[in-house]
**Q** 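Please read through the structure below; I'll follow up with questions.
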Amino acid sequence: MNRMDNLYPCLQSVEGNTEVEHETLVIAYRFDKSNLEKAGKDFPQVTFIPNDDISGFAENNNIALRQACGEFCFILNDDTVFDGPVIDRLIRDFDKLPSEAAIVSPRLLNADGTLQLCGRPPYPAINYVRQQWHLYKEPIDDTVGKAPLFNEVFETSNITGACFLIRTEIFRKLGWFDETYYFTPEDIALSTIARESGYRVFVDRAVCITHKWKTTASRISPAIRPTAVRGSLIFFSRGSGLRYALLACGVWPAEMAKRIKASARMLFHPSEENRIKLLTFRNITRNIFTRRSPKQIFKKYFNG
């Protein structure tokens, strides 16, 4: 996403910690021409694929995935840094995993070294609604109380799109990432369809990667958040209009309450941060009951 401060440390950590034969594909999403040229010279072993269209997480990743030639695909956000030979160790895990194993992910750490995520438990629709009301918080460690399959490898239910290893053949059978969604919940959708297709998902607690997501928060949340909420409601409704309406009726009041709170903050404490928050919640409440697709919502507010 044209963030050289993210991309360079990421690529350097991959190349410095990976011995297994591999190819590296980077979707240069809306890169400045000068940045694209410089990155190409600094990392001649990397294939840069320019994309200037307005695209989401699934679309961007799928461009590269359809060109990938390896036995495995390793999906990685650019705001990550390896804490050791991540890819090599995850690939070795597959030597011991059962044949129906499709995905294995590492443990994710925050920039300050604290735990961000280690596997993800089942995430039913009711928990999504409860989370919007701050009545539920997804556990960050899905290995607690479980017995490992071997070493520090545990079975889990869902992965995070920031970093995971998947068998290419299985990923292809599953249709890559579902491009219905734009920023959320592509990872949970992929995990769900994998499990429903008879495959299994794992996490290796001993393999760590640092994900700097909190320090790279975007200023385009007024475009991203309404897109994510719309996508989540589509996913959790599973094609049922009635189910969508019921879920939306649970989510809309929560987002409206946040919008009212943001309005009060903007009134008494005007600032750019509070203005962005107000725009974000306004856009969310305006698009929960819309017929627009997540992509149409994002393009509308991104262009605006």
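The analysis underlying the following values was restricted to heavy atoms, covering all of them including side chains, and did not include hydrogens, waters or symmetry mates. Being a predicted model, the structure only gives us computed values, none of them experimental.
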**Q** Any side-chain heavy-atom pair from K258 and H134 closer than 4.5 angstrom?
**A** yes

**Q** Please enumerate all residues that pass side chain to side chain donor-acceptor pair (under 3.5 Å) together with K300, with sequence neighbours excluded.
**A** none

**Q** Between D79 (side chain only) and N6 (backbone N and O only), is there a donor and an acceptor less than 3.5 Å apart?
**A** no

**Q** For the residue pair T280 and S221, confirm or rule out a side-chain donor-acceptor distance under 3.5 Å.
**A** yes

**Q** Students often mix this up, so state it plainly: with edges at 30° and 60°, are the rings of F183 and F298 parallel, tilted or perpendicular?
**A** tilted

**Q** Please write out which residues are connected to M266 in a hydrophobic cluster, directly or through intermediates, given that two of Ile, Leu, Val, Met, Phe, Trp, Tyr count as joined at side-chain heavy-atom separations below 4.5 angstrom.
**A** L278

**Q** List, by chain and then residue number, the residues other than Y123 in its hydrophobic cluster (Ile/Leu/Val/Met/Phe/Trp/Tyr, side-chain heavy atoms under 4.5 Å); write none if there are no others.
**A** Y128, V129, W133, L135, Y136, Y181, I188, V229, L233, I234, F235, F236, Y244, L247, V251, W252, M256, I260, F281, I284, I288, F289

**Q** Any salt bridge (charged side-chain N to carboxylate O under 4.0 Å, His left out) involving residues 140-154? Give me the pairs, sequence neighbours left out, ordered by first then second residue.
**A** D142-K146, E152-R205

**Q** Mind checking side chain to side chain donor-acceptor pair (under 3.5 Å) for N35 and listing every partner two or more places apart, or none if nothing turns up?
**A** N2

**Q** Strictly distance-based, threshold 3.5 Å: is any side-chain N or O of T168 a donor or acceptor partner for the main-chain N or O of G70?
**A** yes

**Q** From I209 CD1 over to C163 SG, what is the distance, rounded to the nearest 0.5 angstrom?
**A** 3.5 Å

**Q** Can you list the residues that meet the side chain to side chain donor-acceptor pair (under 3.5 Å) rule with K295, with sequence neighbours excluded?
**A** E59

**Q** Quick one: list whatever passes salt bridge (Lys or Arg N to Asp or Glu O under 4.0 Å) with E37, sequence neighbours left out.
**A** none

**Q** So, the side chain of N283 versus the backbone of P222: is there a donor-acceptor pair under 3.5 Å, distance only?
**A** yes

**Q** Taking atom CD1 of I91 and atom CZ of R167, what is their separation to the nearest 0.5 Å?
**A** 10.5 Å

**Q** Sequence neighbours left out, what passes side chain to side chain donor-acceptor pair (under 3.5 Å) with Q67? Give chain and number order.
**A** none

**Q** Are side-chain heavy atoms of P106 and D204 found at a separation under 4.5 Å?
**A** no

**Q** Can you tell me how far the CZ atom of R225 sits from the CD1 atom of I297, to the nearest 0.5 Å?
**A** 13.0 Å

**Q** Does R238 have any salt bridge (Lys or Arg N to Asp or Glu O under 4.0 Å) partners at least two apart in sequence or in another chain, and if so, which?
**A** E196

**Q** Can you list every ring pair (Phe, Tyr, Trp, His ring centres under 6.0 Å) pair that touches residues 46-73, not counting sequence neighbours?
**A** F57-F177, F72-F94

**Q** For residues 142-170, which residue pairs pass the ring pair (Phe, Tyr, Trp, His ring centres under 6.0 Å) check, not counting sequence neighbours?
**A** none

**Q** How many angstroms lie between atom CD1 of I193 and atom NZ of K173, to the nearest 0.5 angstrom?
**A** 13.0 Å

**Q** Check salt bridge (Lys or Arg N to Asp or Glu O under 4.0 Å) between R259 and all other residues, then give those that pass, not counting sequence neighbours.
**A** none

